[in-house]
Amino acid sequence: MAVTEVPSQRTAVEERRDWWKSAACEGADPELFFPVSAVGPGEADVARAKEICAGCGVRRECLQFALATRQLHGVWGGTTEQERQLRFRDTGRHGETGAARGSRVRSV
Ligand code: SF4
């Protein structure tokens, strides 16, 4: 059985090949971006990952990729999985962005 790729995801994956080359996290410890949890022992890792993201020139592209491909784990574009879940929920239920409704998620 052939695997069918969703067109919007295929485009996002193809585009990632370009912007990923400029990622500020290249060479960083992957455990910072994929900690055991966003609280407790992993909280310091998440904070450090967000610091790296804050200085990343492709942060917007990274976050768009994570949202388009529904990345469920890790820090992407300076957001945690919980923060992205809020965006999914906000856009899924109401058809408008969280930012348009004053979401608690920080925009990039
Ligand atoms: S925004 Fe963060 S996770 Fe995304 S490429 Fe840049 S440094 Fe890496």
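Indexing begins at 1, ligand by ligand and atom by atom, following the structure's order. The first residue of the sequence shown is numbered 1, and numbering continues consecutively from there. Everything numeric here is computed off the predicted structure, so don't read it as measured data.
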- [ ] For the residue pair V36 and P41, establish whether any side-chain heavy-atom pair is separated by less than 4.5 Å.
- [x] no
- [ ] Could you grab the protein N, O or S atoms closer than 2.8 Å to atom 2 (Fe) of ligand 1 for me?
- [x] C53 SG
Open item on the list: Taking the side chain as everything from C-beta on, heavy atoms only, tell me whether C25 gets closer than 4.5 Å to W20.
Closed with: yes
Open item on the list: Can you confirm whether E51 is buried at CD, in the sense that more than 12 heavy atoms of other residues, nucleotides or ligands lie under 6.0 Å from that atom?
Closed with: yes
TODO: Answer yes or no: is there a side-chain heavy-atom contact under 4.5 Å between D18 and E61?
DONE: no
Task: Side chain proximity check, L63 to R84, heavy atoms < 4.5 angstrom - done: yes
- [ ] Determine the interplanar angle of the W76 and F65 rings, folded into 0 to 90°, and report it as parallel if under 30°, tilted if 30 to 60°, perpendicular if over 60°.
- [x] tilted
